[in-house]
Amino acid sequence: MERYVVTGGTPLRGSVRARGAKNSALKLMAASLLAEGEYVLHDVPRIADIYTMQAVLERLGCATGFDDSTMRITVPDGIGSEAPYDLVRQMRASIVVLGPLLARRGHARVAMPGGCNIGSRKIDLHLKGLERMGATIGFDHGYLDAGGGLHGTEIALDWPSHGATENLMMAATLAKGTTIIENAARDPEIADLAVFLTSMGARIAGAGSPIITIEGVEELRATEHAVVPDRLEAGTLLIAAAVTRGDVLVQGARAEHLDIVLSKLADAGADVIATTAGVRLVMSEQPRAVDFVTLPYPGFPTDLQPQMMVLCALGSGTSIATENVFENRFMFVDELVRMGADIRTEGHHAVIRGRDELQGAPVRAPDIRAGAALVIAGLAAAGTTEITGLEYIDRGYQSFEDTLSLLGASIQRESVQRALQA
Ligand code: UD1
């Protein structure tokens, strides 16, 4: 087991380059299943979730390889159709291979993803949409068994699910006729997927808006693409800069993908400077309390809620955070309270009374983003914070400790075994 040892009190200063978005790269990898050939993906983050998707593709018969941050994927003519439980349980986003496999093979067997630490994470919208397109879906000993030719149709999503929008969009590219997805998710990663699919020969209009129209084509071809910058990694680093009262430029970050986050940080007292080079944040005072509400994009991202809670915990005044996307996403609050934060949760609301100081403590990361939030809390806390559960942080952040060290943070990664022996 490994842990981070963070000594707080140093403002983050300097500049780092934004990496490609995990939540886009994973789906582009799944989309490559739609056509045989050689794919080249630039700016792919080297993180555990990407390795899991590589393993899924390899089980299906593809070859994948990394050269720095460029990934090459070779998809053969004959691919498998099963995504096994040992991989899907490591990363529930593996469910996005369902649409491409069904569209390409006419059959797919994908392990049912379970819940996770942030919520039950249902997939009913993925399945209902595919059924409307003509798929027959059965359940067999923990697996989804899907088959049937797909045809175009109108699908109105009850909720703008990120994953369901992507699964249905990919399935529709090879369906017969036109599919219209209403109440679609509008995230930048969905627009990125549409650019990728279009360069494969798909016909897609409206991605990034609530109505996406996909005209099915006979076949697609392999392509080359650079992944959109990761707004969540960039947002995490900018919030870390604000919490430590530092000055950080995230090169390549796109301000237009972080609108509401940057406006909340400005409300908290930060100077936010957005240029074509990236986004710079300078904070010279204690943050002011800010209320925020998570909502599907372009609302405040649920994936930045834990990090923003840390800012509020160190703010002057009382903030109210409302979580509307995942029901268990306040689970990490108890860890933050152990560091001295004053937070009371009531259902999907949290009341945060800002304090002048947090104290270092041993804490455990319960999920990817809460893990990053606890690291940020450690960077600002008095004394030393030991964070375990790094397997979660590694799923979403490439060498988080190196990125933060570059910005002047005191953070070491060490094996707990070694630490105990020392
Ligand atoms: C994606 C992101 C995740 C982000 C989330 C919301 C990836 C790999 N993950 O997850 O980081 O936090 O979007 O922006 O891209 N829901 C249903 N039925 C469904 C699908 C979803 O009820 O069929 C519910 C979920 O339980 C959840 C909410 O809708 O409460 C949001 O889920 P969704 O937008 O689908 O998130 P993911 O695609 O899983």
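Order of listing sets the numbers, starting from 1, for every ligand and every atom in it.
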E166 heavy atom under 4.0 Å from ligand 1: no
Looking only at distances, can you tell me whether any N or O atom of A164, backbone or side chain, sits closer than 3.5 Å to an N or O atom of ligand 1? no
Ligand-residue contact atoms, ligand 1 with H126, heavy atoms, under 4.0 Å: 23 (O)
Those atoms of ligand 1 less than 4.0 Å from some heavy atom in G163: 35 (O), 38 (O)
Note: ligand 1 atoms sitting under 4.0 Å from heavy atoms of D124 are 17 (C), 18 (N), 19 (C), 22 (O), 23 (O)
With heavy atoms only and a cut-off of under 4.0 Å, state how W159 meets ligand 1: side chain, backbone, both or neither. side chain
Minimum heavy-atom separation for L12 and A240, please, with both atom names. CD1-CB, 3.6 Å
For E189 and ligand 1, answer yes if some heavy atom of the residue is under 4.0 Å from a ligand atom, otherwise no. no
Going by distance only, is there an N or O of L232 that falls short of 3.5 Å from an N or O of ligand 1? no
Hey, looking at atom 33 (P) of ligand 1, which of E323, R369, H162 has the closest heavy atom? H162
For the backbone of V40 and the side chain of E224, can you confirm whether one donor and one acceptor N or O come within less than 3.5 Å of each other? no
Option of least heavy-atom distance to atom 22 (O) of ligand 1 (set: E327, R395, K122, K27): K122
Going by the atom numbers of ligand 1, which of them fall below 4.0 Å from some non-hydrogen atom of T302? 6 (C), 12 (O)
Answer yes or no: are there more than 12 heavy-atom neighbours, outside E391 itself, under 6.0 Å from its atom CD? yes
Any nitrogen or oxygen of N23, main chain or side chain, under 3.5 Å from a nitrogen or oxygen of ligand 1? yes
Under 4.0 Å between a side-chain nitrogen and a carboxylate oxygen: does that hold for R92 and D49? no
Can you list the ligand 1 atoms lying under 4.0 Å from a non-hydrogen atom of V325? 27 (C), 28 (C), 30 (O), 31 (C)
Establish, from distance only, whether the side-chain atoms of Y51 and R395 form a donor-acceptor pair under 3.5 Å. no
Within-cut-off N or O pair, P160 and ligand 1, under 3.5 Å: no
Heavy-atom proximity to atom 4 (C) of ligand 1, best of D303, I95, D158: D303
Can you list the residues that meet the ring pair (Phe, Tyr, Trp, His ring centres under 6.0 Å) rule with F330, with sequence neighbours excluded? none
So, H349 side chain and T322 main chain: donor-acceptor pair closer than 3.5 Å or not? no
Could you point out which residue of R231, E189, H162 forms a side-chain contact (heavy atoms from CB on, under 4.5 Å) with Y297? R231
At less than 4.0 angstrom from any non-hydrogen atom of R92, what atoms of ligand 1 do you find? 39 (O)
Which ligand 1 atoms does A93 reach within 4.0 Å, using its non-hydrogen atoms? 8 (C)
Looking only at atom types and distance, does a side-chain atom of T294 sit under 3.5 Å from a main-chain N or O of N324, one as donor and one as acceptor? yes
I95/V88 under side chain to side chain contact (heavy atoms under 4.5 Å, CB included): CA gap, chis, key distance, verdict: CA-CA 7 Å; I95 188 72; V88 176; 5.8 Å; no
Would you say R329 touches ligand 1, if touching means a heavy atom closer than 4.0 Å? yes
Is a donor from one side chain sitting under 3.5 angstrom from an acceptor on the other, for H257 and D187? no
